[in-house]
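Quick caveat, the model's predicted, so the values are computed rather than measured. Residue numbers run from 1 in the order of the sequence given.
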Amino acid sequence: MYKSFRIKNFRCFVDLKIEPLERLNLIAGKNDIGKTAVLEALWLHQGANVPDLARRVNTFRGLREINMDEPFLELFTDFNPDLVMEVQAHGTWSEEPRTLRVYRQVPRVVEIPASGSESLEQTAVEKSPLSERHSRYQIIFEYTNEDGKVFKSWGWPLERQVAPSVVELGLLSHQEFIGERPAGIFLAARHRPSGKEDIDRFSAIELIQKQEDIVRILKQVDPRVQRLAVVVISGVPMIHADIGAKRLVPVPLIGDGISRLLSVALAIANARDGIVLVDEIENGLYYGVIVNVWKAIAAFTRQFNVQLFATTHSEECIRAAHQAFVEDSKYDFHLHRLERMKNTIQAVTYEKETLGAALEAGLEVR
């Protein structure tokens with residue numbers, strides 16, 4: 001589990017450190033302060049050497065997948081491509097940190113002509129005979145583990161013309177194997193998990209016969225839920241729920257709250273010993289059930305040994321979380337509020353006593 005992490009030169013952060021961390025961490029702050037960016041940085045760090053994550057964090061934001069002329073520029077503070085992004089984390093794995101450095105570089109490649117003559121070195125900016133063009137830049141993921149060993153992977157955007165008026169964008173990548181890694185699952189606010197993602201995760205839970213645990217969490221929002229099943233209609237699979245009606249009901253028709261909570265519960269159950277990142281966790285949840293939802297999520301993260309990071313802009317969500325953990329046998333929860341101080345963004349961490357005092361005094365903690 002993460003005990004602290006530090007973000008440099010990523011998105012809106014010049015240098016941000018958040019500590020200490022708990023099993024459940026809620027990140028708050030005003031709009032446009034960087035709450036989602038904290039989750040993105042953690043996801044990149046957990047992925048360690050997966051360059052494709054640099055593309056995916058942008059698609060979650062609704063940005064263009066890849067800009068061939070200036071790829072991944074949005075990752076760096078002030079859109080400065082000369083910076084090196086860095087996320088360094090300390091955790092229970094060792095006294096030493098794990099560090100991810102991300103930067104761009106102009107590669108040089110060696111091409112061997114079909115004739116077998118001497119190789120020709122050139123920068124990769126020209127279209128190949130197959131109408132394939134590489135970006136001028138590569139994105140480099142340089143990961144240093146707790147033993148000080150360095151692993152370097154790269155991603156190279158390419159543009160391929162597959163028809164006279166059809167161009168596909170892709171990412172040619174090389175990943176250096178660094179060993180088995182704990183799972184990391186990101187549930188973005190703007191990007192709902194696809195039906196296939198939730199179905200795959202549900203199927204994995206069915207195999208280990210933990211469906212009842214998922215149902216127990218869903219009952220916190222809708223007590224009518226008795227069981228879940230994957231139903232295929234016209235060749236399309238979808239998760240349905242038994243809510244006492246004459247037939248099973250597709251989960252999306254029951255409500256946004258159930259759909260959101262189902263995705264969160266399935267993510268936790270499929271990320272054993274890893275982390276789950278949830279943007280705007282309160283979305284779709286009725287305020288009257290949030291306390292019980294937090295209690296259920298807390299129990300579930302402990303069951304699967306998962307560390308959860310979530311964002312919120314809701315004071316009700318913060319108060320509900322504090323109440324849920326006060327009433328629990330263990331207060332393994334921290335609130336981290338991002339604040340702008342002069343020209344930088346810093347994090348203020350609230351533990352049990354400080355958060356309770358702040359809420360009682362009516363201080364702004366969102």
Side-chain angles (χ1 to χ4, degrees), residues 1 22-26 183 185 187 192-193 195 197-231 237-278 280-310 312 314 316-333:
M1 284 183 30
E22 262 293 356
R23 179 175 298 279
L24 288 96
N25 301 272
L26 193 55
I185 297 177
L187 301 180
R192 285 189 174 183
E197 286 176 319
D198 274 351
I199 288 169
D200 287 345
R201 291 168 187 164
F202 176 73
S203 299
I205 295 307
E206 279 276 68
L207 286 174
I208 60 174
Q209 301 184 50
K210 295 292 185 180
Q211 186 200 129
E212 287 302 316
D213 295 331
I214 303 293
V215 171
R216 193 175 303 115
I217 289 184
L218 298 187
K219 282 179 175 290
Q220 303 302 324
V221 174
D222 192 332
R224 299 176 301 167
V225 178
Q226 301 301 314
R227 68 182 180 92
L228 300 170
V230 173
V231 177
M238 181 175 292
I239 300 176
H240 286 57
D242 178 358
I243 58 173
K246 292 181 179 180
R247 57 178 290 173
L248 299 182
V249 179
V251 169
L253 291 183
I254 301 175
D256 289 341
I258 283 286
S259 295
R260 180 66 162 173
L261 189 55
L262 174 61
S263 294
V264 172
L266 290 174
I268 293 171
N270 280 270
R272 183 181 290 275
D273 301 325
I275 66 172
V276 170
L277 310 162
V278 185
E280 299 182 12
I281 193 168
E282 77 281 5
N283 279 1
L285 296 176
Y286 174 61
Y287 76 92
V289 303
I290 298 182
V291 172
N292 287 336
V293 167
W294 272 115
K295 290 180 179 180
I297 288 176
F300 218 41
T301 56
R302 294 167 193 154
Q303 177 181 345
F304 289 93
N305 191 32
V306 168
Q307 189 172 22
L308 184 137
F309 296 85
T312 186
S314 164
E316 290 171 343
C317 183
I318 296 170
R319 287 185 176 275
H322 176 66
Q323 179 183 337
F325 285 93
V326 165
E327 295 175 359
D328 203 329
S329 59
K330 186 176 183 181
Y331 196 96
D332 46 356
F333 165 77

pair Phe202-Ile214: side-chain heavy atoms closer than 4.5 Å
no

How close do Cys317 and Ile290 get, counting heavy atoms only, and between which atoms?
CA-CG2, 4.4 Å

Spacing of CD belonging to Glu316 relative to OH belonging to Tyr286, to within rounding of 0.5 Å:
9.5 Å

In short, Leu285 meets Ile281 closest at the heavy-atom pair CD1-O, 3.7 Å

Tightest non-hydrogen contact, residues Asp198 and Leu266, listed as O-CD1, 3.5 Å

Could you state the interatomic distance from CG (Leu277) to CD (Gln307), rounded to the nearest 0.5 Å?
9.5 Å

Of all pairs that satisfy side-chain hydrogen bond (donor to acceptor under 3.5 Å, both in side chains), the ones with a partner from residues 241-251, not counting sequence neighbours:
none

Main-chain N/O of Glu22 paired with Asn25 side-chain donor or acceptor, under 3.5 Å
yes

Gln220 vs Val289, side chain to side chain contact (heavy atoms under 4.5 Å, CB included): CA-CA, chis, key distance, verdict
CA-CA 7 Å; Gln220 303 302 324; Val289 303; 5.7 Å; no

Could you check if a side-chain atom of Glu197 sits within less than 4.5 angstrom of a side-chain atom of Ser263, using non-hydrogen atoms only?
no

With the side chain counted from C-beta on, respond yes when Ile205 and Lys210 share a heavy-atom pair under 4.5 Å apart, and no when they do not.
yes

Would you check if the side chain of Glu282 reaches a backbone N or O of Thr312 as a donor-acceptor pair within less than 3.5 Å?
no

Could you list the residues that satisfy salt bridge (charged side-chain N to carboxylate O under 4.0 Å, His left out) with Asp332, not counting sequence neighbours?
Arg23, Arg302

Donor-acceptor check, side chain of Gln226 to backbone of Arg224, threshold 3.5 angstrom: yes or no?
yes

Closest non-hydrogen atoms of Phe300 and Ala265, given as atom of the first, atom of the second and distance, are CE2-O, 3.2 Å

Which heavy atom of Phe333 sits nearest a heavy atom of Tyr331, and at what distance?
O-CE2, 3.1 Å

Starting at CG of Leu308, measure out to OG1 of Thr301 and round the result to the nearest 0.5 Å.
7.0 Å

Given Val221, Val249, Leu262, the one that forms side chain to side chain contact (heavy atoms under 4.5 Å, CB included) with Ile254:
Val249

Between Arg227 and Leu248, is there a side-chain heavy-atom distance shorter than 4.5 Å?
yes

The reported gap from OG in Ser203 to CG in Asn270 (rounded to nearest 0.5 angstrom) is 9.5 Å

Using the rule given for side chain to side chain contact (heavy atoms under 4.5 Å, CB included), can you reason through Leu218 versus Leu228, listing the C-alpha separation, both sets of side-chain angles and the distance that settles it, and then say yes or no?
CA-CA 10 Å; Leu218 298 187; Leu228 300 170; 3.9 Å; yes

Quick one: pull up CG in Asp213 and CD1 in Ile208 and give me the separation to the nearest 0.5 Å.
8.5 Å

Working to the nearest 0.5 Å, report the span between NE2 of His322 and CG of Leu26.
13.0 Å

Closest non-hydrogen atom pair, Ile185 against Ala271:
CD1-CB, 4.2 Å

Side-chain heavy atoms of Ile268 within contact of Ile217, under 4.5 Å:
no

